[in-house]
Amino acid sequence: MPVRKAVGGTGILPVCLVALVVQHWQDASATRRKTAPNQRDLMAQLGVNIDHVATVRQARQTNEPDPVWAATLAELGGADGITLHLREDRRHIQDRDLRVLSETVTVKLNLELASHPEIVKIACHSKPDQATLVPENREEITTEGGLDLVAHRQRIAEAMKQLHDAGITISLFLDPDERQIAAAAELGADAVELHTGQYALTTGEDRQAAELSKLADAARRVRDAGLVLHAGHGLTYRNVKPVAALAGMTELNIGHSIVARAIMVGFEEAVREMKRLVS
Ligand code: PXP
């Protein structure tokens with residue numbers, strides 16, 4: 001199949017399937033997108049992070065695989081949300097992806113972003129259902145730690161004001177740390193996404209139980225502060241269940257493990273399998 005166009009500027013969807021499915025779902029979109037997941041039911045909702053579909057595409061600077069197509073298949077597999085991270089260095093998701101996904105995703109669209117003025121401006125313009133503020137460091141392979149709301153309070157507060165003024169719900173990505181959760185409540189966040197990376201990396205039953213207990217304690221603090229509870233990072237088919245079972249867990253954002261499994265079994269099936277584990 002000839003390669004039509006490298007993605008980066010205005011893109012053309014490579015498949016008619018996406019357009020057909022989108023057409024079919026247009027009516028459902030308006031009602032579903034704006035429904036807060038915790039109001040719909042009490043199970044943890046699955047946000048599928050499609051960044052690494054774009055990582056494979058960018059490895060060849062071409063137009064496939066298309067994260068827009070992956071998002072459609074994720075919805076067909078039962079995803080409650082689509083998550084993407086528009087990084088300042090554009091290493092995976094491109095501006096075009098956000099533009100097209102903003103028009104085509106019919107479930108919750110969750111944009112991860114750092115508090116860089118340029119990206120905040122793009123977010124305010126594209127109006128995802130939710131913005132998850134994360135720290136970003138050019139040298140990192142993936143988001144390494146939670147936000148430091150104490151050290152960067154002013155900058156994050158400014159980004160939050162712009163996003164809230166644009167009508168976007170805000171989730172803050174935090175380590176399971178008492179001070180950070182208290183600061184999130186003071187800053188007026190709507191939700192906190194607990195960073196599960198340390199839990200995911202830890203080996204040995206006792207040490208993993210200790211990390212899970214830290215998450216459970218932080219989850220209680222998030223709920224007690226009146227904030228919606230999310231979690232994500234490093235979650236896999238093997239380690240997700242105890243996190244999904246934490247009291248009040250509303251949303252899990254999972255990317256790498258689903259994309260890795262999708263290579264073997266297909267995107268829709270990989271999402272379906274994860275959805276069964278979290279709800
Ligand atoms: N949540 C946040 C805030 C993230 O930054 C990421 C990684 O982009 C994820 C969840 C998904 O992490 P993973 O790809 O390890 O599932």
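Numbering starts at 1 and runs along the sequence shown. Ligands are counted one by one from 1 in listed order, and the atoms in each one are counted from 1 as well.
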Which atoms of ligand 1 have any heavy atom of [X] under 4.0 Å away?
X: I254; answer: 16 (O)
X: V134; answer: 3 (C)
X: N253; answer: 10 (C), 11 (C)
X: H256; answer: 13 (P), 14 (O), 16 (O)

Item checked: Polar contact flag, side-chain donor to acceptor under 3.5 angstrom, H92-D97 -> no

Margin query: Under 3.5 Å, is there a donor on one side chain and an acceptor on the other for T106 and E75?
Written below: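 There is such a pair between these side chains.
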
Is there a donor-acceptor pair closer than 3.5 Å between any side-chain N or O of [X] and the backbone N or O of [Y]?
X: R223; Y: V228; answer: no
X: N49; Y: D51; answer: yes
X: R272; Y: E268; answer: no

Next item on the list: Mind checking ring-ring contact (aromatic ring centres under 6.0 Å, His included) for H256 and listing every partner two or more places apart, or none if nothing turns up?
Entry: H52

Note to self: Just to be sure I read this right, does ligand 1 sit under 4.0 Å from the backbone of H195, its side chain, both, or neither, counting only heavy atoms?
What the structure shows: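 It is neither part, as no heavy atom is under 4.0 Å.
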
Notebook entry, point to check: For ligand 1, which part of D51 has a heavy atom less than 4.0 Å away: the side chain, the backbone, both, or neither?
Noted result: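 Contact part for D51 vs ligand 1: side chain (C-beta onward).
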
Any N/O of [X] closer than 3.5 Å to an N/O of ligand 1?
X: G234; result: yes
X: T132; result: no
X: G255; result: yes

Note to self: Would S257 count as a contact residue for ligand 1, given that I'm defining contact as a non-hydrogen atom of the residue lying under 4.0 Å from a ligand atom?
What the structure shows: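 No, S257 has no heavy atom closer than 4.0 Å to ligand 1.
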
Notebook entry, point to check: For atom 12 (O) of ligand 1, which candidate among H233, E112, R87, H85 provides the closest heavy atom?
Noted result: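 Residue with the shortest heavy-atom distance to the ligand atom: H233.
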
Check: Should the heavy atoms of other residues, nucleotides or ligands under 6.0 Å from CG of D165 be counted, would the total exceed 12?
Finding: yes

Next item on the list: Using a cut-off of 6.0 Å, state whether more than 12 heavy atoms not belonging to R153 lie near its atom CZ.
Entry: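 Counting other residues, nucleotides and ligands, CZ of R153 exceeds 12 neighbours.
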
